[in-house]
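Reading through the structure tokens given below for one structure.
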Amino acid sequence: MTDTPRLARRSPKIKPGIVHLGPGAFFKAFSAIYTQEAVEQKGGDWGVIAVSLRSPTARDQLKPQEGVYTAVSLGPSESNSTVIGIISDVLVAPEDPSAVIDAMVDPAIRIVSLTITEKGYCYEPSTGQLKLDHPDIIHDIANREAPRSAPGYIVEALSRRRGLGHRPFTVLSCDNIPSNGKLAKKIVVSLAAKIDPNLARWIEDEVSFPSTMVDRITPATTEADIERVTNDEGYYDPACVFHEPFRQWVIEDEFVDGARPHWNVSGAQFVSSVEDHEAMKLRCLNGTHSSLAYLGYLAGFETISETVSDPDFANYLGQLWRDEIVPTVKPPQGEDLSSYCAALLERYQNPSIRHRTWQIAMDGSQKLPQRLLGVAQESIDAKRPISSIALAIAGWMHYVGGVDEDGQKIDVRDPLADALRAASDAGVSATQKAENLLSLDAVFDAKLANDDRFRVPVISAYCQLADVGAHSSIMDGFAK
Ligand code: CS2
């Protein structure tokens, strides 16, 4: 390794116009690439200051190579690499909160974009409200100049811009949450209202929060990936990222003063409302991803492509789409849902993308409501079946119980991991365990959790998983 030169910047830095919070693999494989392509073709000062809200890893990887990194697109049998140079600086918020606020207050910054994952919004997944008892929110109300949460940084930076007479920036959420812009607005305005009601009103009136639908499958980078870049490219790049060729970005075109990169030249769609696209993607893709992640993990599969290469799981997936998910989705203009799902299956099958079931299984308490529970509620209301969804939810319940089908410990990563484990452990019988988990109101809306048309199939799927395991349970579904 010591003999291999490190990747170095070859192109000049672009002046920053965006602060991005959450520079993980998805940002590097997605909006950073769209932005680089837009700037290459249309120009503009749209360099990105990348801000990590927690760990210094992104900075430690990127700084020594002046922000550049390699993005590798992996098709089933071909690959293609590009060096991305759109990042102009990387900051680590806990090390220097003032530097982050100063960057966000600079009027040259016209967009603050976010890939902070569901939990970064500090909200209650079952209700969509800001959690005022969240430790970071309590901290940020008391320590405005050194916040911890994304909403805390946004509120303080907007407050200072307002005080200085600057125009606000656009807040661009790129997380997998329905109406992510509306949610971001609700959270930011709720936090601002705790600090200064006039500021809250100004944010309501002046700041834009467009919603977006984002899509590109991007597994976490592994040591083997880094080695592959070293071998293929002849340089060492610990910041490299691997992604599928497919990408789709649908954005509501509501930016403060119309200021945004020409992302359309790189294929982004600007629309007046993103809701139908978001519902299609969250339910058809993320809903089945989570289902395959929990049941596939329990059945012993390491990746999504391995899971769907099992014919029984492929059948289960087809049934989940056809009978339970697609009937709840209104096709967005220009989309045909059966072609959309057929293309999704091909994307899942891509053997070059090693997307671990364990990775997708993370943070299930934050993902379940928008991925699966809304579908279950609508299907019940419309008297349609929910047996495949009930099995997926029961799979999540087993997973968060923390023990796999061979009695091995599962490394459950979830902000509610302890509460989930405690709820599961407190039950003696399988039925009690499932009932305890159903009573967690942070995840399950009370109306759904108390409805026998939901409870009964979920509890019975849980018992079935306990009796015969995930593989036999998904096969059993076809016999019914
Ligand atoms: C996945 C998503 O990890 C997960 O929860 O479902 O990251 C998924 O790969 C992306 O949303 C695809 O666009």
Side-chain angles (χ1 to χ4, degrees), residues 22-34 71 73-74 114-121 125 173-178 180 211-222 241-251 267-269 274 277-297 301-308 317 320-321 325 332 335 340-341 343-350 352-375 392-393 395-396 399-400 411-415 443:
F26 182 73
F27 158 73
K28 289 193 284 182
F30 190 74
S31 47
I33 301 183
Y34 274 94
S73 172
L74 291 177
L114 314 172
T115 49
I116 51 177
T117 78
E118 298 84 352
K119 61 180 179 278
Y121 293 80
S173 166
C174 300
D175 285 294
N176 286 316
I177 306 175
N180 50 14
S211 288
T212 65
M213 181 270 246
V214 296
D215 190 7
R216 172 166 266 179
I217 293 175
T218 310
T221 302
T222 63
V241 65
F242 285 66
H243 58 78
E244 64 170 342
F246 180 91
R247 64 180 180 178
Q248 188 177 14
W249 197 7
V250 189
I251 310 168
Q269 297 158 256
V274 89
H277 284 93
E278 186 70 44
M280 171 183 74
K281 191 262 173 171
L282 267 169
R283 291 182 173 194
C284 296
L285 192 160
N286 299 106
T288 56
H289 239 186
S290 289
S291 307
L292 294 170
Y294 298 117
L295 295 168
Y297 183 98
F301 293 110
E302 200 187 338
T303 65
I304 291 293
S305 68
E306 283 167 21
T307 310
V308 298
L317 174 61
L320 188 56
W321 272 323
I325 295 180
E335 297 279 358
Y340 184 78
C341 294
L344 269 181
L345 179 60
E346 278 183 31
R347 293 169 61 194
Y348 290 178
Q349 284 167 333
N350 182 347
S352 311
I353 295 289
R354 295 192 48 77
H355 203 185
R356 293 174 69 193
T357 47
W358 176 81
Q359 188 190 343
I360 298 165
M362 270 185 220
D363 294 347
S365 68
Q366 316 291 301
K367 294 173 173 172
L368 238 54
Q370 60 273 23
R371 295 185 177 202
L372 295 172
L373 303 182
V375 175
I393 295 165
W396 169 77
Y399 185 90
V400 299
D411 179 7
V412 178
R413 304 280 176 96
D414 192 296
V443 181

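Ligands are counted one by one from 1 in listed order, and the atoms in each one are counted from 1 as well.
Near H355, with a cut-off below 4.0 Å to any heavy atom, the atoms of ligand 1 are 9 (O). Within ligand 1, the atoms closer than 4.0 Å to a non-hydrogen atom of R371 are 4 (C), 5 (O), 6 (O), numbered from 1 in the order shown. Remark: ligand 1 atoms within the under-4.0 Å shell around heavy atoms of D215 are 12 (C), 13 (O). Listed by number with element, the atoms of ligand 1 under 4.0 angstrom from any heavy atom of K281 are 10 (C), 11 (O), 12 (C), 13 (O).
When side chains are defined from C-beta on, S291 does not count as touching W396, because their heavy atoms never get closer than 4.5 Å. The side-chain heavy atoms of V274 and I251, taken from C-beta on, include no pair separated by under 4.5 Å.
For atom 1 (C) of ligand 1, the nearest protein heavy atom (residue, atom name, distance) is H289 ND1, 3.4 Å. Of the protein's non-hydrogen atoms, the one nearest atom 7 (O) of ligand 1 is N176 ND2, 4.3 Å. Among protein heavy atoms, atom 2 (C) of ligand 1 sits closest to N286 ND2, 3.6 Å.
At least one donor-acceptor pair under 3.5 Å links the side chain of N350 to the backbone N or O of S352.
Remark: aromatic rings of F30 and Y34 are close, center separation under 6.0 Å. Y348 has its ring centre no less than 6.0 Å from the ring centre of H355.
Looking at ligand 1, you won't find any N or O of Q359 less than 3.5 Å from one of its N or O atoms.
Between D414 and K367, none of the side-chain N atoms (NZ, or NE/NH1/NH2) sits under 4.0 Å from a carboxylate O, so this pair counts as no salt bridge.
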